[in-house]
Participant: 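Have a look at the structure that comes next, please.
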Amino acid sequence: MVTDRDILILRAVSRYYVLNRHQIQRLIFPEDIHGRVTRRRLQSLIDADLLNRQPMLVCHPQNGVPAPVYYPSPKGIELLAEFTGDDRFLATATQAPTMHHVWHWLAVSETHIAFDQAISLQTADSPYAVRVVEWLNEYDVVNPAETLPEKRFHLYTLLRSSPRLICAPDAALLLNARGHSKVFYLEEDRATTGVHQIAASKSQGYAVLAEVSGHRRHFPQATIDTFTVLMIAPTARRRDALRKAFREKQGAALWRFASVEDLKPERLLFEPIWYPCDGEPASLIKPNPLSEGESS
DNA sequence: CCGCCTAAGATACCGCTGTA
DNA sequence: TACAGCGGTATCTTAGGCGG
């Protein structure tokens with residue numbers, strides 16, 4: 001039997017792709033103190049093939065056993081499309097998240113949730129009426145028949161064949177405020193690689209993407225001609241190390257850096273938590289009405 | 001309309017497990 | 001050993017079917 005809250009779970013994994021039990025509980029079962037209800041509903045969805053589970057083998061949250069993560073199943077998104085009458089759910093990625101990338105996916109979904117909550121915190125008379133027009137995840141498929149990543153995935157961009165240069169954002173969003181739409185790319189940093197290696201491997205792709213206005217292909221409806229890359233670092237110290245590493249790189253002006261502890265829904269849009277490579281932090285949405293929707 | 005029964009979800013409690 | 005998460009189970013609640 002599928003309950004209303006089961007549908008909410010299917011919607012959530014369709015939207016965020018990879019979620020753990022704790023996140024689902026926070027989003028859909030806030031009253032569930034013991035987590036038993038959440039686990040039971042998840043189990044019944046899995047038994048019905050409406051949801052997929054990926055065990056997390058390498059895991060140390062604080063302590064305790066590894067907690068699995070959940071992601072969409074073909075049958076689940078079919079049910080969702082049928083239930084809502086919206087066939088766009090059928091485009092949801094249902095491939096299993098790579099085992100060693102699971103923490104990365106959870107970080108992306110956590111950022112996505114923070115954006116959604118920041119948007120919904122605005123009241124009806126909010127001055128900027130900010131909204132996310134569209135959010136693309138790394139593995140959102142544009143052409144299911146293709147196997148080449150640059151043709152299969154919406155975001156993966158092959159900029160040059162030889163030497164090979166690609167740009168593969170973790171996610172992308174089109175943010176709208178008072179009629180202006182701007183493209184933002186998302187890069188989640190998990191401090192697993194040295195900052196200089198990250199700066200070297202990522203800066204050129206985005207710099208060339210900007211030169212060729214590649215963001216126009218991802219979001220033709222954008223009205224602002226530039227884009228910004230948002231990098232989320234696990235700590236403020238790491239954030240500042242990244243800023244320093246990107247400072248001398250090509251296209252450094254495209255980047256803004258924030259730390260996870262600053263990335264609260266109530267601060268995300270309007271408070272100066274976004275640091276450029278050089279200089280003072282600014283808010284994502286500028287207070288000046290003439291340049292709202294921009295961050296640079 | 002009533003009383004009874006059943007099915008399924010919600011709730012509470014508990015023991016097990018693997019890691020720091 | 002402490003702890004967080006998992007899954008088993010008993011009990012409560014609610015909705016619906018059914019005969020009288």
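In what follows, every chain begins at residue 1, and chains take the letters A, B, ... in the order their sequences are listed.
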Participant: Using heavy atoms and a sub-4.0 Å distance, could you list which residues of residues 34-43 of chain A are near DNA chain C? By number, please.
Facilitator: A:R36, A:R39, A:R40
Participant: C:dG5 C1' sits how many Å from A:Q23 CD, rounded?
Facilitator: 15 Å
Participant: Please work out whether the ring planes of A:F227 and A:Y185 are parallel, tilted or perpendicular, with thresholds of 30° and 60°.
Facilitator: perpendicular
Participant: Give the rounded distance in Å between these two atoms: CZ of A:R5 and P of B:dA10.
Facilitator: 5 Å
Participant: Grab the CD-C1' distance between A:Q25 and B:dT11 for me, whole Å please.
Facilitator: 13 Å
Participant: Provide, to the nearest angstrom, the distance between the CG atom belonging to A:N20 and the P atom belonging to C:dA4.
Facilitator: 15 Å
Participant: Any side-chain to backbone donor/acceptor pair from A:N137 onto A:D140? Under 3.5 Å, distance only.
Facilitator: no
Participant: Among all residues two or more places apart in sequence or in another chain, which pass the ring-ring contact (aromatic ring centres under 6.0 Å, His included) test with A:Y275?
Facilitator: none
Participant: For a quick test of reading the model, state the closest non-hydrogen atom pair linking A:Q122 to A:I119 and the distance between them.
Facilitator: NE2-O, 3.0 Å
Participant: Round to the nearest Å and state the distance from A:D6 atom CG to B:dG9 atom C1'.
Facilitator: 10 Å
Participant: Indicate the ring-plane relationship of A:F246 and A:W255, choosing parallel, tilted or perpendicular according to the 30° and 60° boundaries.
Facilitator: tilted
Participant: When you measure from the side chain of A:P68, which nucleotide among B:dG9, C:dG7, C:dC6 comes out closest?
Facilitator: C:dC6
Participant: Check the orientation of A:W105 and A:Y17. Use parallel for under 30°, tilted for 30 to 60°, and perpendicular for over 60°.
Facilitator: perpendicular
Participant: Starting at atom CG of A:D32, determine the distance to atom C1' of B:dA10, rounded to an integer number of angstrom.
Facilitator: 9 Å
